[in-house]
Chemist: 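Sharing a structure, written as structure tokens. Questions coming.
Lettering of chains follows the sequences in order, A, B, ..., and the numbering in each one begins at 1. Note: hydrogens, waters and symmetry copies are ignored here, and every other heavy atom, side chains too, is used.
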Number of protein chains: 2
Amino acid sequence: MRLVIARCSVDYAGRLTAHLPEAVRLIMVKADGCVAIHADGGAYKPLNWMNAPNRLVEGDGEWTVVNPKGEQLTITLHEVLSDSSHEMGVDPGLSKDGVEAHLQELLAANTGTLAEGLSLVRREYPTDIGPVDLMCRDADGRLVAIEVKRRGEIDGVEQLTRYLTLLRSDPAMADVQGMFVAQVIKPQARTLAATRGITCVEVDYDELRGIESNELRLF
Amino acid sequence: MRLVIARCSVDYAGRLTAHLPEAVRLIMVKADGCVAIHADGGAYKPLNWMNAPNRLVEGDGEWTVVNPKGEQLTITLHEVLSDSSHEMGVDPGLSKDGVEAHLQELLAANTGTLAEGLSLVRREYPTDIGPVDLMCRDADGRLVAIEVKRRGEIDGVEQLTRYLTLLRSDPAMADVQGMFVAQVIKPQARTLAATRGITCVEVDYDELRGIESNELRLF
DNA sequence: GTGTATATCTCGGGG
DNA sequence: CCCCGAGGTATACAC
């Protein structure tokens, strides 16, 4: 990784055009070629950047970075205050726990917590417009399409509605029901779901994990 | 801005939990206190981070960053290879051109390019569920609600549909039409729009800018 | 502060 | 390659 501290101005022309007036900033060039220009504040997002793959040309006081799509980043260096490189090697990568996929796994294994007698048909049930998180059958044998979110907002209800509309266009699934599951469901999402006949269920991630580990302990 | 190159491992506990095994990485601490941990690859997003406001405590070989929400980042330093600080001052900031707001402005001033005889009623027409980008009246005097996007995808059609449903619930607006405008409209969005009786129009940003500057030159 | 929409979103997975 | 969905999304803006 190369780190350059420089008084510079920057222009980007691509999906939009953007300009940065002259100031001291950090220019970060990573091993994969991606370039990011950071100010000394403002969260983790750089002011300007160019992702890999790209081509970096170091000219006389001016760097030009172009990518295959024709987007271009021009860095004009007025004064270089520091320029250093560091070997880092390949990063072993980040492991995460607690994202939607885990919630979905836990629910798939514990459909009974969502409704009495609910049983799993399959996870990631495929449709032409994307996968339904969980396809289940209720105690009466009716299909239930379930959308799982960490946070239940309007977008999720829209998504489930699209699936339901598509599924119901198949006569064999004309009576498929909808269920919206999240750790917290916002009132607006709940209201929209209600107008569309979609059942809302809030679940507790830690509680589910508890059930899971209890079962593991028993068997 | 402080830049530390160190062999470190990192743990985050907050909205999820995440762990980074030991490796050499860049730790960036900005003047506003935000912390970001970068690997030598993978675009501009850091592996882990903690936005301002937060509290950074440098212990013995271990940094702890906590924010008011109780999220916590723990950086264990196994070996510090470099540690430098740089004065940068306040950044003058980025100016952008070509985002949705500009497209909306241009269209508001040139509604005639969308349809013959179309005239603007108002921009950002307010509703209970958010603002309609452009409210217009067509040559026959009927209201037309217009959603403007840089790229026309399904989400935008859904958004416009929500507005139309709400607006039409008011008897005075029962016949409001829908129009979806973007520089490029994807086939899926176009199909969905068609099933909902929404007109799709693709516009050319550069051409609109040309019209605008021509008009400025004439007057 | 909540709600809504935007973003050069980024990033990953599947066809 | 595109499409689709998730994100510790972040960020701005209006009510």
Chemist: Kindly list each side-chain donor-acceptor pair under 3.5 angstrom involving residues 185-192 of chain A, sequence neighbours excluded, with atom names and distances?
Modeler:
| from | atom 1 | to | atom 2 | distance (Å) |
| --- | --- | --- | --- | --- |
| A:Arg190 | NH2 | A:Glu202 | OE2 | 3.1 |
| A:Thr191 | OG1 | A:Pro187 | O | 2.9 |

Chemist: Strictly below 4.0 Å, heavy-atom distances to any atom of DNA chain D: list the hits from residues 177-204 of chain B, or just say none.
Modeler: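 Heavy-atom cutoff 4.0 Å gives B:Lys186, B:Gln188.
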
Chemist: Where do N or O atoms of nucleotides 11-15 of chain C meet protein N or O atoms at under 3.5 Å, pair by pair?
Modeler:
| from | atom 1 | to | atom 2 | distance (Å) |
| --- | --- | --- | --- | --- |
| C:dC11 | OP1 | B:Gly42 | O | 3.0 |

Chemist: Taking atom P of C:dA5 as reference, at what distance in whole Å does atom CG of B:Leu166 sit?
Modeler: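 The answer, rounded to whole Å, is 11 Å.
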
Chemist: Round to the nearest Å and state the distance from A:Glu158 atom CD to C:dG3 atom P.
Modeler: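 To the nearest whole Å, that distance equals 17 Å.
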
Chemist: Which whole number of Å gives the distance between the C1' atom of C:dA7 and that of C:dC11?
Modeler: 14 Å

Chemist: Can you check whether B:Arg150 has a side-chain N or O nearer than 4.0 Å to OP1 or OP2 of C:dA7?
Modeler: yes

Chemist: Could you work out, with side chain to side chain contact (heavy atoms under 4.5 Å, CB included) as the rule, every residue matching B:Asn67, not counting sequence neighbours?
Modeler: B:Met50, B:Asn54, B:Lys69, B:Glu71

Chemist: Going by salt bridge (Lys or Arg N to Asp or Glu O under 4.0 Å), name the pairs with one or both residues in residues 36-48 of chain A, residues two or more places apart or in two chains.
Modeler: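 Of all non-adjacent pairs touching residues 36-48 of chain A, none passes salt bridge (Lys or Arg N to Asp or Glu O under 4.0 Å).
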
Chemist: With sequence neighbours left out, write down each residue that passes ring pair (Phe, Tyr, Trp, His ring centres under 6.0 Å) with A:Tyr44, or none if nothing qualifies.
Modeler: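 Partners of A:Tyr44 by the ring pair (Phe, Tyr, Trp, His ring centres under 6.0 Å) criterion, ordered by chain and then number, come out as B:Trp49.
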
Chemist: Give, ordered by number, those residues of residues 13-21 of chain A having at least one heavy-atom distance below 4.0 Å to an atom of DNA chain C; if nothing qualifies, reply none.
Modeler: A:Arg15, A:Leu16

Chemist: Please report, rounded to the nearest Å, how far the P atom of D:dG5 is from the CG atom of A:Leu103.
Modeler: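 These atoms are roughly 18 Å apart.
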
Chemist: Sequence neighbours left out, what passes side chain to side chain contact (heavy atoms under 4.5 Å, CB included) with B:Arg209? Give chain and number order.
Modeler: B:Asp97, B:Leu106, B:Tyr205, B:Asp206

Chemist: For residues 148-157 of chain B, please give each side-chain donor-acceptor pair under 3.5 Å, one per line with the distance, not counting sequence neighbours.
Modeler:
| from | atom 1 | to | atom 2 | distance (Å) |
| --- | --- | --- | --- | --- |
| B:Lys149 | NZ | B:Glu147 | OE2 | 3.2 |
| B:Lys149 | NZ | B:Gln159 | OE1 | 3.0 |

Chemist: Side-chain donor-acceptor pair under 3.5 Å between A:His38 and B:Lys30, yes or no?
Modeler: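 Yes, side-chain donor-acceptor contact under 3.5 Å.
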
Chemist: Only pairs under 3.5 Å count here: list side-chain donor-acceptor contacts from residues 118-125 of chain B, not counting sequence neighbours, and write none if there are none.
Modeler:
| from | atom 1 | to | atom 2 | distance (Å) |
| --- | --- | --- | --- | --- |
| B:Arg123 | NE | B:Gln104 | OE1 | 3.0 |
| B:Arg123 | NH2 | B:Gln104 | OE1 | 3.3 |
| B:Glu124 | OE2 | B:Gln104 | NE2 | 3.2 |

Chemist: OP1 or OP2 of D:dG5 versus the side-chain N and O atoms of A:Arg162: is any pair under 4.0 Å?
Modeler: yes

Chemist: Between D:dT9 and B:Trp49, is there an OP1 or OP2 to side-chain N/O distance shorter than 4.0 Å?
Modeler: no

Chemist: In terms of the nearest nucleotide of DNA chain C, which residue is placed more toward the 5' end: B:Leu94 or B:Tyr163?
Modeler: B:Tyr163

Chemist: When you measure from every atom of DNA chain C, which of residues 65-78 of chain A have a heavy atom less than 4.0 Å away?
Modeler: A:Glu71

Chemist: Go through the structure and list residues passing side chain to side chain contact (heavy atoms under 4.5 Å, CB included) with A:Val4, not counting sequence neighbours.
Modeler: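 For A:Val4 the side chain to side chain contact (heavy atoms under 4.5 Å, CB included) partners, ignoring immediate neighbours, are A:Arg2, A:Ala6, A:Ile27, A:Trp63, A:Val80, A:Asp83.
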
